[in-house]
Q: 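The structure follows.
Only a predicted model underlies this, so the values are computations on that prediction, with no experimental measurement involved.
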Amino acid sequence: MAASLQPEDLPEPEEANDSDLRSVLVTSVLNLEPLDKDLFRGSHHWIPATQRLFGGQIVGQALVAAARSVNEDEHVHSLHCYFVRAGDPKVPVLYQVERTRDGRSFSVRSVKAVQHGVPILTCQASFHRSQESPLTHQFTMPTVPPPEELLTREQLIQKYLRDPSLVEKHRMGLNKILAQEVPILIKPINPPDMFHRLPQEPRQMFWVRAKGLIGPGDMRLHCCVAAYISDYSFLGTALLPHLKLRMRFMASLDHSMWFHAPFRADEWMLYECESHWAGNCRGLVHGRLWRRDGVLAVTCAQEGVFRVRQNEPSSKL
């Protein structure tokens, strides 16, 4: 059952007021510093609890760097990235762009994200001049409650924290989540039980958008923000049937996106995520970002590595 708004769960001030503020994703995270031709430097905003750089940030910044080297009438239609090393949050990231090809309809850029003199991500992005075609179709968007009827992740946590029977271990964990300055708003459709960790189908859906205002301007900027957003909570879809297992380590191996239709990343989009396969210490997830009017805007895919914490043998003494 979807988590519906109750009288005690009124929308928090950010929902009403954050549109008055320029999104930090635009002013800071995706605002790269040009150092030379096709060379840029990126800074960090939010650092996950793993103390490794957020993969969506590196993908989004790599796409910003690539987009700055193509013509204004060319828009990204696909990107394919490999995460080759963990990112260091203590130093900035350099983005080196190679102009692989410039054609009449398509242009290709190769981007290398570098720290400490070695690549942490490689990215290929392809850009396309818009062309009309009678060949068109898409899946149908799932029927779900609208975002106005649902709680944000922060509101859900606040609701859990009001429970006097909440054990201290869970209370501390929830407060740590609340303390993170994630520049994304999420409203889960069917939020999982955060405490009993019951296995479920490898499928989840949530409404998502950037915090703050981006505006209707440059579509390429919205694509870069979507690249940032698309990596958040994505890989965890593959873990949903295995919530009884204790993870020692998990990380993204690659990330691919295909952009189908114009959209605004500062407006609510439905993120439909599912995992068709997991095995051999890896898991594969697919995602679709839907506009509210039912148009399929973006398709995503990602593979990750999972290391399960082995149970320690019990003592025979």
Q: Could you walk me through whether Ile189 and Trp207 satisfy the side-chain contact (heavy atoms from CB on, under 4.5 Å) test, starting with their C-alpha distance in whole Å, then the side-chain angles of each, then the deciding distance to 0.1 Å, before giving a yes or no?
A: CA-CA 7 Å; Ile189 304 298; Trp207 291 100; 3.6 Å; yes

Q: By the rule that ILVMFWY residues connect when side-chain heavy atoms come within less than 4.5 angstrom, directly or transitively, which residues belong alongside Val91?
A: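 Besides Val91, the cluster holds no residue at all.
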
Q: Could you give the distance from CG (Leu53) to CD (Gln51), rounded to the nearest 0.5 Å?
A: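 With rounding to 0.5 Å, CG (Leu53) is 10.0 Å from CD (Gln51).
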
Q: Mind listing the closest non-hydrogen atom pair of Pro199 and Pro241 along with its distance?
A: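 Scanning both residues completely, I find the closest heavy atoms to be CB-O, 3.5 Å.
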
Q: Report yes if some heavy atom in the side chain of Met141 is under 4.5 Å from a heavy atom in the side chain of Leu296; otherwise report no.
A: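 In short, these two side chains do not touch, never coming nearer than 4.5 Å.
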
Q: Same cluster for Ile58 and Val24 if Ile/Leu/Val/Met/Phe/Trp/Tyr side chains link at under 4.5 Å?
A: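 In one cluster with Ile58: Val24, no.
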
Q: Does anything in residues 282-291 form a side-chain hydrogen bond (donor to acceptor under 3.5 Å, both in side chains)? List the pairs, not counting sequence neighbours.
A: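 Output for this query lists Glu272-Arg288, Glu272-Trp290, Glu274-Arg288, His276-His286, Arg282-Glu303, Arg291-Asp293.
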
Q: Which residues end up grouped with Leu284 if you chain together Ile, Leu, Val, Met, Phe, Trp and Tyr wherever their side-chain heavy atoms are less than 4.5 Å apart?
A: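 Leu284 shares its hydrophobic cluster with Trp277.
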
Q: Given the rule that I, L, V, M, F, W and Y join up when any side-chain heavy atoms are under 4.5 Å apart, are Ile47 and Phe54 in one cluster?
A: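 Yes; tracing contacts between hydrophobic side chains, which count when under 4.5 Å, links both residues.
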
Q: Got a sec, which hydrophobics cluster with Leu135, joining ILVMFWY side chains under 4.5 Å apart, including via others?
A: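 Grouped by the 4.5 Å side-chain rule, Leu135 forms a cluster of one, so the answer is none.
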
Q: Is Gln61 reaching over with its side chain to a backbone N or O of Val29, donor-acceptor style, under 3.5 angstrom?
A: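 Pair found, side chain donor or acceptor close to backbone of Val29.
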
Q: Any side-chain heavy atom of Arg68 sitting closer than 4.5 Å to one from Val97?
A: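 When only atoms from C-beta onward are counted, Val97 and Arg68 do not touch, as no gap falls below 4.5 Å.
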
Q: When you compare the side chains of Ser107 and Asp102, does any donor N or O come within less than 3.5 Å of an acceptor on the partner?
A: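 Short answer, yes.
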
Q: About how many Å separate CG of Leu239 and CD of Gln200, when rounded to the nearest 0.5 Å?
A: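 Reported value, rounded in 0.5 Å steps: 11.0 Å.
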
Q: Within a 6.0 Å radius of atom CD on Gln131, are there more than 12 heavy atoms belonging to other residues, nucleotides or ligands?
A: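 Enclosed: over 12 neighbouring heavy atoms sit under 6.0 Å from CD of Gln131.
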
Q: Listed by chain and number, what are the side chain to side chain donor-acceptor pair (under 3.5 Å) partners of His44, not counting sequence neighbours?
A: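 Testing His44 for side chain to side chain donor-acceptor pair (under 3.5 Å), a comparison that skips the adjacent residues, returns Gln57.
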
Q: Any side-chain heavy atom of Leu94 within less than 4.5 Å of one from Leu35?
A: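 SC-SC contact between Leu94 and Leu35 confirmed.
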
Q: Run Ser233 and Phe206 through side-chain contact (heavy atoms from CB on, under 4.5 Å) and show every step you take.
A: CA-CA 10 Å; Ser233 295; Phe206 45 87; 4.2 Å; yes

Q: Does Asn71 offer a backbone N or O that forms a donor-acceptor pair with the side chain of Glu74 under 3.5 Å?
A: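 Yes: the side chain of Glu74 pairs with the backbone of Asn71.
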
Q: Does a donor on one side chain sit under 3.5 Å from an acceptor on the other, for Ser110 and Thr100?
A: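 Yes, side-chain donor-acceptor contact under 3.5 Å.
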
Q: Does Ile214 form a side-chain contact (heavy atoms from CB on, under 4.5 Å) with Leu221? I'd like the steps, not just the answer.
A: CA-CA 8 Å; Ile214 299 173; Leu221 181 57; 4.0 Å; yes

Q: Would you tabulate the side-chain donor-acceptor contacts of residues 222-230 under 3.5 Å, counting partners in other chains and residues two or more places apart, or write 'none'?
A:
from   : atom 1 : to     : atom 2 : distance (Å)
His222 : ND1    : Ala265 : N      : 2.9
His222 : NE2    : Gly215 : O      : 2.5
Ser230 : OG     : Ala226 : O      : 3.4
Ser230 : OG     : Ala227 : O      : 2.9
Ser230 : OG     : His255 : NE2    : 2.9

Q: Please determine, by modelled atom types, if Gln302 and Asp231 share a side-chain donor-acceptor pair under 3.5 angstrom.
A: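 The answer is yes; a qualifying pair exists.
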
Q: Check the pair Phe234, Tyr271 against ring-ring contact (aromatic ring centres under 6.0 Å, His included), reporting the backbone distance first and the verdict last.
A: CA-CA 9 Å; Phe234 192 28; Tyr271 202 5; 5.4 Å; yes

Q: Once you round to the nearest 0.5 Å, how far does CE of Met205 lie from OG1 of Thr237?
A: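 Spacing of CE (Met205) from OG1 (Thr237) equals 11.5 Å.
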
Q: Under the side chain to side chain donor-acceptor pair (under 3.5 Å) test, which residues partner Arg52, sequence neighbours left out?
A: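 Applying side chain to side chain donor-acceptor pair (under 3.5 Å) to Arg52 gives none.
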
Q: How far apart are the C-alpha atoms of Gln204 and Asn190, what are their side-chain angles, what is the distance that settles it, and do they pass the side-chain contact (heavy atoms from CB on, under 4.5 Å) test?
A: CA-CA 7 Å; Gln204 62 175 337; Asn190 290 299; over 6 Å; no

Q: Taking ILVMFWY side chains as joined if any heavy atoms are under 4.5 angstrom apart, and letting links pass through other members, which residues group with Phe249?
A: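 Besides Phe249, the hydrophobic cluster comprises Leu253, Val305, listed by chain and residue number.
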
Q: Could you see if Leu240 belongs to whatever hydrophobic cluster contains Met247? Use Ile, Leu, Val, Met, Phe, Trp, Tyr and a side-chain cutoff under 4.5 Å.
A: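 They do not share one cluster, since no chain of ILVMFWY contacts under 4.5 Å joins Leu240 to Met247.
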
Q: How close do Ala238 and Val285 get, counting heavy atoms only, and between which atoms?
A: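 Looking at all heavy atoms of both residues, the shortest contact is N-CG1, 3.8 Å.
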
Q: Any non-hydrogen side-chain atom of Arg220 less than 4.5 Å from a side-chain atom of Val76?
A: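 In short, these two side chains do not touch, never coming nearer than 4.5 Å.
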
Q: Search all heavy atoms of Gly294 against all heavy atoms of Gln138 and return the closest pair with its distance.
A: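 Looking at all heavy atoms of both residues, the shortest contact is O-NE2, 2.8 Å.
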
Q: For Arg101 and Arg109, which heavy atoms make the closest approach, and how far apart are they?
A: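 Taking every non-hydrogen atom into account, O-NH1, 3.1 Å.
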
Q: Taking the side chain as C-beta and beyond, is there a heavy-atom pair between Arg209 and Pro147 under 4.5 Å?
A: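 SC-SC contact between Arg209 and Pro147 ruled out.
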
Q: For the atom pair OG1 (Thr27) and CG (Leu213), what is the distance rounded to the nearest 0.5 Å?
A: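 Reported to 0.5 Å precision, the distance equals 11.0 Å.
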
Q: What is the minimum heavy-atom distance between Val111 and Ala66, and which atoms define it?
A: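 Here Val111 and Ala66 meet closest at CG2-CB, 3.7 Å.
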
Q: Considering only residues two or more places apart or on different chains, which pairs with a residue in residues 111-120 satisfy side-chain hydrogen bond (donor to acceptor under 3.5 Å, both in side chains)?
A: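 Applying side-chain hydrogen bond (donor to acceptor under 3.5 Å, both in side chains) to every pair that reaches into residues 111-120, excluding sequence neighbours, yields Asp88-His116.
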
Q: Can a side-chain donor-acceptor contact be found between His260 and Thr299 if the only test is distance below 3.5 angstrom?
A: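 Per modelled atom types, Thr299 and His260 side chains form a pair under 3.5 Å.
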
Q: Between Leu235 and Gly283, which heavy-atom pair has the shortest distance, and what is it?
A: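 Minimum heavy-atom contact is CD1-O, 4.3 Å.
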
Q: Does the side chain of Arg309 come within less than 4.5 Å of Leu245's, by heavy atoms?
A: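 A side-chain contact is absent here, since even the closest heavy-atom pair is not under 4.5 Å.
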
Q: Could you tell me whether the side chain of Glu154 reaches within less than 4.5 Å of the side chain of Ile186, counting heavy atoms only?
A: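 No, too far: nothing below the 4.5 Å cut-off.
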
Q: Linking I/L/V/M/F/W/Y whenever their side-chain heavy atoms sit closer than 4.5 Å, directly or via other members, would Val59 and Val114 fall into one cluster?
A: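 The answer is no; the residues belong to distinct hydrophobic clusters.
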
Q: Would you compute the distance between atom OG1 of Thr152 and atom CG of Leu185 and round it to the nearest 0.5 angstrom?
A: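 CG of Leu185 is found 7.0 Å from OG1 of Thr152.
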
Q: Of all residues at least two apart in sequence or in a different chain, which pass the ring-ring contact (aromatic ring centres under 6.0 Å, His included) check with Tyr95?
A: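 Applying ring-ring contact (aromatic ring centres under 6.0 Å, His included) to Tyr95 gives none.
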
Q: Side-chain heavy atoms nearer than 4.5 Å, only ILVMFWY residues, links allowed to pass through others: does that put Leu32 and Met219 together?
A: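 Hydrophobic grouping puts Leu32 with Met219.
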
Q: For Arg85, check side chain to side chain donor-acceptor pair (under 3.5 Å) against everything at least two apart and list the hits.
A: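 None.
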
Q: Please collect all ring-ring contact (aromatic ring centres under 6.0 Å, His included) contacts where either partner lies in residues 65-93, sequence neighbours excluded, each pair once.
A: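 Of all non-adjacent pairs touching residues 65-93, those that pass ring-ring contact (aromatic ring centres under 6.0 Å, His included) are His77-Phe106, His80-Trp258.
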
Q: Just verifying a value: how many Å separate Arg248 CZ and Phe306 CZ, rounded to the nearest 0.5 Å?
A: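 The CZ atom of Phe306 is 13.5 Å from CZ of Arg248, to the nearest 0.5 Å.
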
Q: Does the side chain of Arg99 reach to within under 4.5 Å of the side chain of Asp38, using non-hydrogen atoms?
A: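 Yes, their side chains come closer than 4.5 Å.
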
